[in-house]
Amino acid sequence: MLLYILDIFGTAVFAISGVLLAGKLRMDPFGVVVLAMVTAIGGGTIRDMALGATPVFWVNSPEYLWVILIICMLSLLLIRHPRRLPWYFLPVADAIGLAVFVAIGVDKALSYGASPLVAVIMGVITGCGGGIIRDVLAREVPMVLRTEVYATACIAGGAIHTLALAANADVELASISGMITTLLIRLAAIRWHLSLPTFAISK
């Protein structure tokens, strides 16, 4: 139940990030909903299609769609008068959602018989896929392809998750270990502005 609640929370936070980007680009309400949808459920949709887990999760559990639609409606009504929040609120909430999404992606891949390597990749796709689609639609370079430590946190968390299972750890303990790893790395990147070195070719 806790994982489900965190999953819904992550969906809401990811939807908000899509709404905020749509607002910056002055999109109409349809554009707001599209960016919110692809950000919140895009990664999980790609994962399920790759694993052959059809129909995809939000078809059988439409509450995810309702959460996104409610977030969009509230944002359209209240975005012009937002409450003052600490700068770190959304990044930290996003980090929590990211950690949960990675763990869910790894668990689902393993439940469909995927190898540990594929499971880690599915965890990364679940956590980052929606943001990549959002940024591409907005004509921006996806954040996970830039220097910010984001996908790296997903890879580390997914690796710890699968290694814990390989060491015969309890399933819940393995999931929690992976989530904590992803979350701590992401929070450290936010706190200390950690980034990866860039790859540049001289002209």
Side-chain angles (χ1 to χ4, degrees), residues 3 6-22 24 34-51 53 56-58 64 67-68 71 90-110 112 114-163 175 177-191 193-199:
L3 187 61
L6 290 174
D7 189 21
I8 293 294
F9 173 78
T11 300
V13 172
F14 277 37
I16 291 172
S17 72
V19 169
L20 293 177
L21 182 56
K24 291 179 182 178
V34 169
L35 278 197
M37 286 279 186
V38 298
T39 307
I41 61 176
T45 300
I46 296 172
R47 175 204 65 215
D48 285 1
M49 293 176 67
L51 294 173
V56 296
F57 72 99
W58 49 265
Y64 291 95
V67 168
I68 297 168
I71 289 293
L90 283 178
V92 170
D94 178 89
I96 296 172
L98 181 69
V100 174
F101 279 18
V102 172
I104 290 174
V106 171
D107 279 334
K108 189 156 192 177
L110 292 174
Y112 274 79
S115 69
L117 176 59
V118 172
V120 172
I121 293 173
M122 289 299 140
V124 175
I125 289 175
T126 307
C128 303
I132 292 175
I133 299 172
R134 173 201 65 206
D135 292 346
V136 168
L137 291 176
R139 294 184 177 182
E140 294 188 358
V141 177
M143 182 172 64
V144 299
L145 302 181
R146 290 177 280 178
T147 58
E148 189 168 349
V149 175
Y150 198 89
T152 308
C154 299
I155 295 171
I160 292 297
H161 190 155
T162 55
L163 287 172
S175 296
S177 298
M179 284 190 286
I180 290 176
T181 301
T182 303
L183 180 61
L184 290 180
I185 294 175
R186 185 67 192 123
L187 291 178
I190 294 170
R191 172 63 179 83
H193 306 287
L194 303 179
S195 61
L196 298 175
T198 58
F199 173 70

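- Closest approach of I160 and G178 over heavy atoms only: CG2-N, 4.2 Å.
- Closest heavy-atom contact between G42 and I133: CA-CD1, 4.3 Å.
- With sequence neighbours excluded, the residues forming a side chain to side chain contact (heavy atoms under 4.5 Å, CB included) with I185 are V149, A153, A156, T181, listed by chain and number.
- The minimum heavy-atom distance linking A119 with A109 is given by the pair CA-CB, 3.7 Å.
- Here the CD1 atom belonging to I190 is positioned 8.5 Å from the OH atom belonging to Y150, to the nearest 0.5 angstrom.
- Screening residues 92-110 for salt bridge (charged side-chain N to carboxylate O under 4.0 Å, His left out), with sequence neighbours left out, gives D48-K108.
- Evaluation of the side chain to side chain contact (heavy atoms under 4.5 Å, CB included) rule for P116 yields T162 as partners, not counting sequence neighbours.
- Taking CD1 of I41 as the reference point, atom CZ of R47 lies at 11.0 Å (rounded to 0.5 Å).
- You'll find the side chain of L145 stays beyond 4.5 Å of the side chain of D135, heavy atoms only.
- Rounding to the nearest 0.5 angstrom, the gap separating the CG atom in L184 from the CZ atom in R191 is 14.5 Å.
- No option in L117, L51, L110, V106 other than L51 meets the side chain to side chain contact (heavy atoms under 4.5 Å, CB included) test with M122.
- Proximity of L183 to I96: side-chain heavy atoms (C-beta onward) are separated by under 4.5 Å at one or more points.
- The residue from T126, V13, L3 that alone fulfils the side chain to side chain contact (heavy atoms under 4.5 Å, CB included) condition with V100 is L3.
- The structure places SG of C128 at 5.5 Å from CG of L98, a figure rounded to the nearest 0.5 Å.
- Of the inter-residue distances, the one linking L194 atom CG with T152 atom OG1 reads 10.5 Å to the nearest 0.5 angstrom.
- Contact detail for V67 and A12: the closest heavy-atom pair is CG1-CB, 4.0 Å.
- Taking each heavy atom of T182 and G157 in turn, the nearest pair found is OG1-CA, 3.1 Å.
- Ring orientation note: the planes of F57 and Y64 are nearly perpendicular, at an angle over 60° on the 30°/60° scale.
- A40 and F14 get closest at one heavy-atom pair: CA-CB, 3.8 Å.
- I121 contributes atom CD1, which lies 7.5 Å from atom OG of S115 (distance to the nearest 0.5 angstrom).
- The shortest distance between side-chain heavy atoms of E148 and R186 falls below 4.5 Å.
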With side-chain contact (heavy atoms from CB on, under 4.5 Å) as the test, would you mind laying out the steps for V124 and V144 before giving the verdict?
-> CA-CA 10 Å; V124 175; V144 299; over 6 Å; no
